[in-house]
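Read the structure below first, then the notes.
Residue numbers begin at 1 in each chain, while the letters A, B, ... track the order of the sequences. This is a predicted model, so every value here is computed, not measured.
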Amino acid sequence: MHILVVDDDPLAGEMTAALLESQGHEPLLANDAMEAVEQLDTHSDIKLIVSDMHMPLVSGLALLAMLREQDNHLPFILLTGDTPDASLRQTPGLDACLCKDAELAWTLEAAVKQALDS
Amino acid sequence: MALDISRFIQRFVEEAADLLPRLREGISALEQGRADREQINELFRAAHTLKGSSRMLKLVPITALSHSTEELLSALREGTLNATPPVTSLLSQAVDGLSDLVSRLADGATGDELPAADEALCSALESAAQGQTPTQPNHSDTPTPTTPSSSSTPTSSATLVTENELRLSDTVRVRLDRLDDVIRLMGEVLSGHHHLHGLVDQARELSATLPTEQQGPFHAFHHELKDSVLSHESLMSDLHDRALQMRMLPLSVVFDPLAHMSRELAQSLGKQVDCRVRGSEIELDRQMIDRLSDPLIHLLRNALDHGLELPAERQSAGKPSRGQLIIEAWQDADGVVVEMRDDGAGIALDAVRQKALAKQLISEEQLNALSEQETLELIFLPGFSTKSMITDFSGRGVGMDVVKRTVVDELNGDLQLASERGSGTRFTLRLPLSLAMMRVLLVSVGGVNLGVTAPYVSELVECSSQSFIDAAGQRTLILRNEFVPVVSLAQLLELPATTAATDNTLLLVVHQRHQKLALVIDSLIDERDMVIKPLPVHLSYLPLVSGMVSMGRNALVSLLHVPALLEATRQNAPRPSHERASPTLAKRILVVDDSLNTREIEKDVLEAWGYHVTLAENGRDGLAKALAEPFDAVLTDVEMPVMDGFALTSQLRENELYRYRPIIIITSREKEADRRRGIEVGADAYIVKGSFDQNNLVATLQALLG
């Protein structure tokens with residue numbers, strides 16, 4: 001059982017992965033939406049996706065829309081470097097929208113738990 | 001328990017070390033008006049990335065500053081704001097601030113120990129993002145609290161070390177004296193090798209004394225010995241070159257600390273400065289760099305202390321309150337030039353005269369005989385700088401005389417000074433080329449290999465020869481929004497012309513400052529870092545060659561001196577004949593374009609048809625010139641800094657004199673929307689550069705002028 005982390009910034013991606021690992025998950029990394037799709041094709045045991053919002057070419061939201069269109073309904077958590085506004089947080093199909101900050105350790109743990117339990 | 005991700009701080013420092021130079025480059029591209037949409041996007045993403053990672057690591061000041069920077073970049077990205085000089089200056093200050101914070105982290109400070117972000121700067125960035133005219137943040141009001149980096153706890157750096165111990169660096173440190181030993185030994189081996197050549201010659205002579213039947217095998221032996229000696233020689237000289245290269249360092253090792261020092265010094269003097277550094281990638285021998293740093297530090301202190309005025313003084317002189325200090329290096333014909341210039345008060349000649357007299361360095365008679373330049377250079381006399389002039393900063397007991405002596409005697413270079421009262425001072429250091437290492441592009445033309453150093457190379461273009469246009473007898477390439485003259489390098493160098501196998505022409509576009517030239521070449525060979533050797537004395541008169549590089553086995557390649565090539569092209573260019581011009585036809589035309597090449601070429605075309613041409617380099621310059629004297633027609637480009645062609649056209653139309661005069665827009669914008677906009681602002685004609693034809697231009701002009 002893996003959690004897929006998608007982030008174009010390798011440092012942020014690895015930090016997110018480190019957080020997930022410390023919480024007992026097995027993270028997989030993808031640098032962009034294209035790599036994310038490849039990872040999803042190779043690993044059938046991905047149970048959740050944590051994606052950055054701002055990425056070149058395909059944004060986190062576009063990735064979500066693309067997956068849902070392809071009938072992929074894995075839980076999806078969006079991360080953003082900005083403070084997310086209400087409309088972003090309420091995007092349909094999104095399990096959580098979190099700000100990438102020092103609190104992420106806690107907020108991400110809670111969001112992952114909730115997404116996997118529901 | 002939550003994971004402590006502070007162990008990623010070292011990674012963050014590395015990431016920032018990669019992103020900050022890219023931000024700097026992007027901002028300097030913005031400044032020069034050559035940043036496109038994608039580059040602005042990249043700038044935005046870099047700031048965004050810094051913000052995101054620093055936020056996760058709780059590096060609050062870095063988050064705050066990168067957030068404000070991102071806001072301003074976002075406004076640029078969305079086009080609600082233009083990259084005016086005040087905007088780019090704010091962005092540079094932001095990058096300076098970020099660099100300072102990151103270097104504290106690199107020195108071992110923890111997130112909590114970082115000083116708060118400069119609030120004045122953050123709010124200046126954000127209000128600029130909202131379209132308010134940027135005001136320069138006033139540093140004297142908000143002194144930034146600085147935590148001495150010595151307070152960083154040893155434990156924090158210890159954990160960093162243990163976290164990183166498995167990642168091996170791909171470099172090793174070698175003591176400089178050991179490296180020098182190797183280089184010295186290599187030199188000795190190389191010169192000792194000449195002895196073997198002598199032995200080979202002796203062997204040949206000996207063979208002649210042998211009986212005929214033994215000469216055959218001995219001859220073969222002699223050949224093998226000779227081959228082996230020659231191949232070793234090339235290996236050894238290669239090894240010597242490599243050993244020398246190991247001692248090369250980029251100028252950034254002195255430039256970067258200078259930029260940092262300038263900000264700190266300025267702050268302590270109550271002055272404001274933007275310090276820009278260019279050309280720091282040029283590599284010089286470590287020994288030269290070592291000796292260069294003291295003179296440069298002295299010049300920097302001198303510029304900040306005596307050159308730059310206090311913010312209030314600058315404002316009352318009508319200058320921006322922040323001074324500009326530019327430290328720039330480039331490769332020139334016979335060396336590397338390092339220039340430091342400020343836009344301060346300049347040197348007061350009267351003060352220099354008085355001082356020289358008071359110090360009895362010169363008699364009044366001698367003084368009267370001196371030109372202004374010679375008077376300026378009195379500051380290099382020993383004993384000129386004295387205690388009364390030396391302050392804490394520019395002093396350190398060193399005078400300008402010592403700086404000059406170091407540059408001239410120790411570095412074998414030259415130091416020049418230029419100063420204009422009220423607008424600044426410029427010190428130019430010229431250093432010998434020996435041992436300079438640079439990126440070189442190797443090309444082939446007319447069966448000869450030639451090199452061009454990277455700073456002169458603009459781009460390589462391959463295009464069909466039909467895409468050239470003819471402008472006043474000059475083959476011309478339309479490169480985006482610019483006319484670039486095309487010349488055959490073979491012809492310029494009087495080399496045999498080679499017949500092109502394909503229809504396509506390979507062009508090496510070179511430039512010096514704003515002037516470009518497209519050289520027709522046969523092929524590109526390679527691009528690599530090479531040690532540049534000075535020309536031997538008997539070849540030093542060759543104006544088009546600036547040095548040599550060795551390539552492969554004992555092959556020397558000449559480096560082209562681009563400024564001389566540009567000069568040679570200007571001299572050879574077919575001048576338009578003015579014979580066709582009849583006095584009645586001598587109409588006055590104003591040509592407005594920000595590209596020097598384009599202006600010159602349009603001027604040539606129009607003069608060939610007998611028009612009088614005046615040039616302007618942007619809309620505002622054009623408007624000023626058009627209002628100062630009447631022109632019969634105006635020809636303008638669209639995309640220009642300061643004021644674009646649309647704005648110029650509509651402003652001219654508001655003026656009584658230009659309400660009905662012909663205005664022709666000539667641009668690379670092909671979109672119908674642009675064409676419509678051109679007509680809306682009142683242009684009479686719209687000519688697209690891509691389909692430029694001088695007859696078309698002249699016919700249009702003639703029709704409009706009636």
Working to the nearest 0.5 Å, report the span between OG of B:Ser54 and CG of A:Asp101. 10.5 Å
Side chains of B:Arg104 and B:Asp107: does their closest heavy-atom pair fall under 4.5 Å? no
For B:Gly111 and B:Leu105 the tightest heavy-atom approach is N-CD2, 4.5 Å
Could you tell me whether A:Asp117 and A:Lys113 make a salt bridge, using a distance below 4.0 angstrom between a side-chain N and a carboxylate O? yes
What residues of residues 60-70 of chain B sit under 4.5 Å from chain A when you count only heavy atoms? B:Glu70
Among residues 36-75 of chain A, those lying within the under-4.5 Å heavy-atom range of chain B are A:His54, A:Pro56
Whether the B:Ser53 and B:Glu15 side chains hold a donor-acceptor pair (N or O, under 3.5 Å, no angle test) is what I'd like checked. yes
Region of A:Thr16 that comes under 4.5 Å of a non-hydrogen atom in chain B: both
Could you grab the distance from atom CZ of B:Phe12 to atom CG of B:Leu19, nearest 0.5 Å is fine? 8.5 Å
Taking atom types as modelled, is there a side-chain donor on B:Ser89 or B:Asp274 under 3.5 Å from an acceptor on the other? yes
Show the numbers, then the answer: is there a salt bridge (charged side-chain N to carboxylate O under 4.0 Å, His left out) between B:Glu459 and B:Arg480? CA-CA 12 Å; B:Glu459 58 192 292; B:Arg480 292 179 287 281; 2.6 Å; yes
Can we say B:Arg24 and B:Asp96 salt-bridge, meaning some charged N sits less than 4.0 Å from an Asp/Glu carboxylate O? yes
Find the distance between CG (B:Leu101) and CG (B:Leu59) and round it off to the nearest 0.5 Å. 9.0 Å
As a test of understanding, state which of B:Thr88, B:Leu43, B:Asn82, B:Leu81 forms a side chain to side chain contact (heavy atoms under 4.5 Å, CB included) with B:Leu76. B:Leu81
For A:Glu21, which atoms come within 4.5 Å of any heavy atom of chain B: side chain, backbone, both, or neither? neither
First locate atom CG of B:Asp256, then atom OG of B:Ser103, and finally report the distance between them rounded to the nearest 0.5 Å. 10.5 Å
Residue part contacting chain B, namely of A:Leu104, when any heavy atom lies under 4.5 Å: side chain
I need the B:Ser92 OG to B:Arg276 CZ distance, nearest 0.5 Å. 3.5 Å
Give the C-alpha distance, both sets of side-chain angles, the deciding distance and a yes or no for salt bridge (charged side-chain N to carboxylate O under 4.0 Å, His left out) between B:Asp112 and B:Lys58. CA-CA 8 Å; B:Asp112 297 335; B:Lys58 220 173 178 176; over 6 Å; no
Could you tell me whether a side-chain N or O of A:Gln114 sits under 3.5 Å from a main-chain N or O of A:Ala111, the two making a donor and an acceptor? no
Using a heavy-atom cutoff of under 4.5 Å, enumerate the residues of residues 81-88 of chain A that contact chain B, numbered in order, or state 'none'. A:Gly81, A:Asp82, A:Thr83
Evaluate salt bridge (charged side-chain N to carboxylate O under 4.0 Å, His left out) for B:Arg22 paired with B:Glu42, printing each intermediate quantity in order. CA-CA 9 Å; B:Arg22 280 200 261 157; B:Glu42 249 173 62; 5.1 Å; no
Looking at A:Ala18 and B:Arg7, what are the two nearest heavy atoms and their distance? CB-NH2, 3.9 Å
Please round to the nearest 0.5 Å and tell me the distance separating atom OG1 of B:Thr49 and atom CG of B:Asp18. 10.5 Å
Using a heavy-atom distance cut-off of less than 4.5 Å, which residues of residues 1-10 of chain A contact chain B? A:Asp9, A:Pro10
